[in-house]
Amino acid sequence: MKRVHRSPNLLQKVWQHPQGKLGLVLVCLLVITALAAPLIAPFDPYDVTQRAEKGLSPSLTHLLGTSISTGQDIFSMLVYGTRVSLLVGVVTGLSTMFLGAFMGILAGYGGRLWDTLIMRVVDVMLVIPTLPLTIVLTNLFGKSYGMIIFIFTIFGWVGLARVIRSQVLVLKNSNYIKAAQLAGASKLYVMFQHILPGVSHLLIMSTALTSAGIMVAEAGLSFLGLGDPTAISWGKMLAEAQSGGALLFGHWWWIMAPGIGIFISVFAFMRVGLALEEVFNPRMKRSGALIRLFKSMNSSYIQQIFDDMEERGIPQIEDAMERGTV
Amino acid sequence: MRKGYLLERVLYTLLIFMVVVTLNFFIPRIGVEDPAQRYYPPQGNMSDTEYNIIKQLTKKQYGFDVSPWEQYLRYLSGLTRGDLGTSLQPGSPKVATLIAQRLPWTLVLSVSNMVICVTLGLILGTSAAWRRGSVVDRALMNASTVMTALPSFFLALVFSLYMGFEWGWFPAYTEPDMVASFDFSWRAIVQVARNAALPVIAMSIGGIISYGQGTRNSVIAVSQEDFITTARAKGMSTRTVKYRHVLRNALLPIVTSLGMSVSGLIGGSVVIEQIFNWNGMGTLFLTANNTNDYPLMMGIMLFLSAFALVANLITDLIYSLIDPRVTVGGSRS
């Protein structure tokens, strides 16, 4: 009997990638933790009525002890913190993808006017100091996660749009797009039928890595006390640990728990993103095209350097990216 | 360098600056209409006429007695005279004075961070690239994936816990007398260095690794170029090839990345400053934000943006000097 060979779908390919497998497993665990938080957490993390003794060390009842200030169960807080991190990370990743794709394609294919307009906006956005403006905006428009997602999206699309635009500029000159245009296809049709599929791999990869970057940013913002004050998040847990005397009393578990939470979730999404990158483009072994994008969420300068180098046509960089880091 | 290129870059930078100034003026004002209501809410025993007078006076003091457009023009004309506005802090200090007081302290952190990142990054990166697959190389590549996932403020807390509180190597919080008693004596300089140790270590670890990785990739890419093979074929010593040919070319992207990181020099340490209670621009900005001191917020943001713009412009120009190919194609983007 002849076996029908079906080419594996995207998820299977990532699963077959050793690094991707680790990432996928961790992402699944995080999602389960977030969904089943009330079942996993042994105590109500919002319970500040001091039913538990304050400042307990880790024990079998309180796996990570209790907070010094309010007696909340730290393990339960850790479990519930997954929700905020995942929600903000993934939703921002998706919304950034939509806005970045739209702006990038419009700039690359929408004509000269749109291109100039969007790229000027990008130039301005890159100069404005992101963190201070985010702080001002959260202060003005209220501290809710909806607002934070909105603000992160407003800043996040810039890097992606630049990547998408340069890819669209390459696609624009390819023969099949020219053929479609000659056959009389409308601009909108070409955008959705030909350009969008041509950049979709970039969009999928960027979503994973943007999510990872946003998780770090959200933790930082919550740490500064600019997150939703009613929700439990890992950044806020770190801030409470610091102000609650974890450092002074040497309660290292109170600091480590949320820190490791942040680390695992960021690491998981990064792994998936990097695996996707290699699946889509095996030639570019860890070329870092997306590490760049990821880093642009933290520090946009690395992104800028490579973009600048590409625009200037400096040969070493393009060659290096073709070859990968070897 | 082409004259046209220089002019174009300068004009474009000015244009972006004007846009940033405008945004800066309007964004922090979205929530504020009447400063009197915000800063001096009416009290029970106050008559309407009394409160009206207070309102009028506050409006005048904060420049709200004219239309927003006039306020904007007033702000612009103030800027041309180097006046960034007046803070709402007690005593109404000038925003520029406050920034000038805090700026050196932030620069202590960020400049030493940058120097450490670049020096150690270059050493690590080149030694990794020249011995591919060695312990240093593998450690660098593995560390880069791990470090990107660890936020620097978490590292700062961990360092503060162990090196600050447990082992007592360095002050876990900035010593309160550091700023007040600073007098350029050796004792004061040593004190600043001790206090800056933890924040700088926490800030620089990620940077060392990303510079290291950048240098490594760049050195590897350059050593595979044809002209390196030619140099070797001509019988040059490995040493000459390494330092004269590879390193010199591999440093080009590092120069750009250095220029780019200069623009983040001042605004990049907000969270770290907050953790260690460091007396810099970051804590100044957070205080301004918490007290709704919007002239101060505007001033700091404008200063940061202007700094970033100038840094980018200078990087561009230096780069076009180092690498003449840059200007051949005309403007970028």
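Throughout, a chain's letter reflects where its sequence line sits, starting with A, and its residues are numbered from 1.
- With contacts defined as side-chain heavy-atom distances shorter than 4.5 Å, the pair A:I262/B:L150 does not qualify.
- The two residues B:F154 and A:L238 come nearest to each other via the heavy atoms CD1-CD2, 4.1 Å.
- The contact between A:L224 and chain B is made entirely by side chain atoms (from C-beta outward), counting heavy-atom distances below 4.5 Å.
- At a 4.5 Å heavy-atom cutoff, the contact between A:L248 and chain B is made by backbone and side-chain atoms alike.
- The most heavy-atom pairs under 4.5 Å with chain A, out of B:I275, B:I300, B:L302, come from B:I275.
- Nearest heavy-atom pair, A:G250 versus B:L161, reported as atom, atom and distance to 0.1 Å: CA-CD1, 3.9 Å.
- If you measure heavy-atom distances from A:M256 to chain B, the contacts under 4.5 Å come from both the backbone and the side chain.
- Contacts between A:F223 and chain B at a heavy-atom distance below 4.5 Å involve the side chain alone, from C-beta outward.
- For a residue to count as touching a neighbouring chain, one of its non-hydrogen atoms must lie under 4.5 Å from one of that chain's; by this rule A:A241 does not touch chain B.
- In terms of non-hydrogen atom pairs under 4.5 Å with chain B, the most contact-rich of A:I128, A:V122, A:I255, A:D115 is A:I255.
- In the displayed structure, A:W253 atom CH2 is contacted under 6.0 Å by more than 12 heavy atoms of other residues, nucleotides or ligands.
- Of the two parts of B:M297, only the side chain, counted from C-beta on, holds a non-hydrogen atom closer than 4.5 Å to a non-hydrogen atom of chain A.
- Interface remark: of the candidates B:V158, B:N289, B:I16, B:N289 forms the most heavy-atom pairs closer than 4.5 Å to chain A.
- Side chains of A:L131 and B:V271 form a contact here, defined as non-hydrogen atoms less than 4.5 Å apart.
- Only the side chain of B:Y162 comes within contact range of chain A, judged by heavy atoms closer than 4.5 Å.
- Of the listed residues (A:I260, A:T116, A:I135), the one with the most heavy-atom contacts under 4.5 Å to chain B is A:I135.
- What you find for A:V216 and B:F153 is that their closest heavy atoms are O-CE2, 4.3 Å.
- Contact check for A:W254 versus B:L157: no side-chain heavy atoms found under the 4.5 Å cut-off.
- Of all non-hydrogen atoms in B:V146 and A:F263, the two that sit nearest each other are O-CE1, 3.4 Å.
- More than 12 heavy atoms of other residues, nucleotides or ligands lie within 6.0 Å of CH2 in B:W130, so this atom counts as buried by the packing criterion.
- Here the closest heavy-atom approach between residue B:Y173 and residue A:L247 is recorded as OH-CD1, 4.2 Å.
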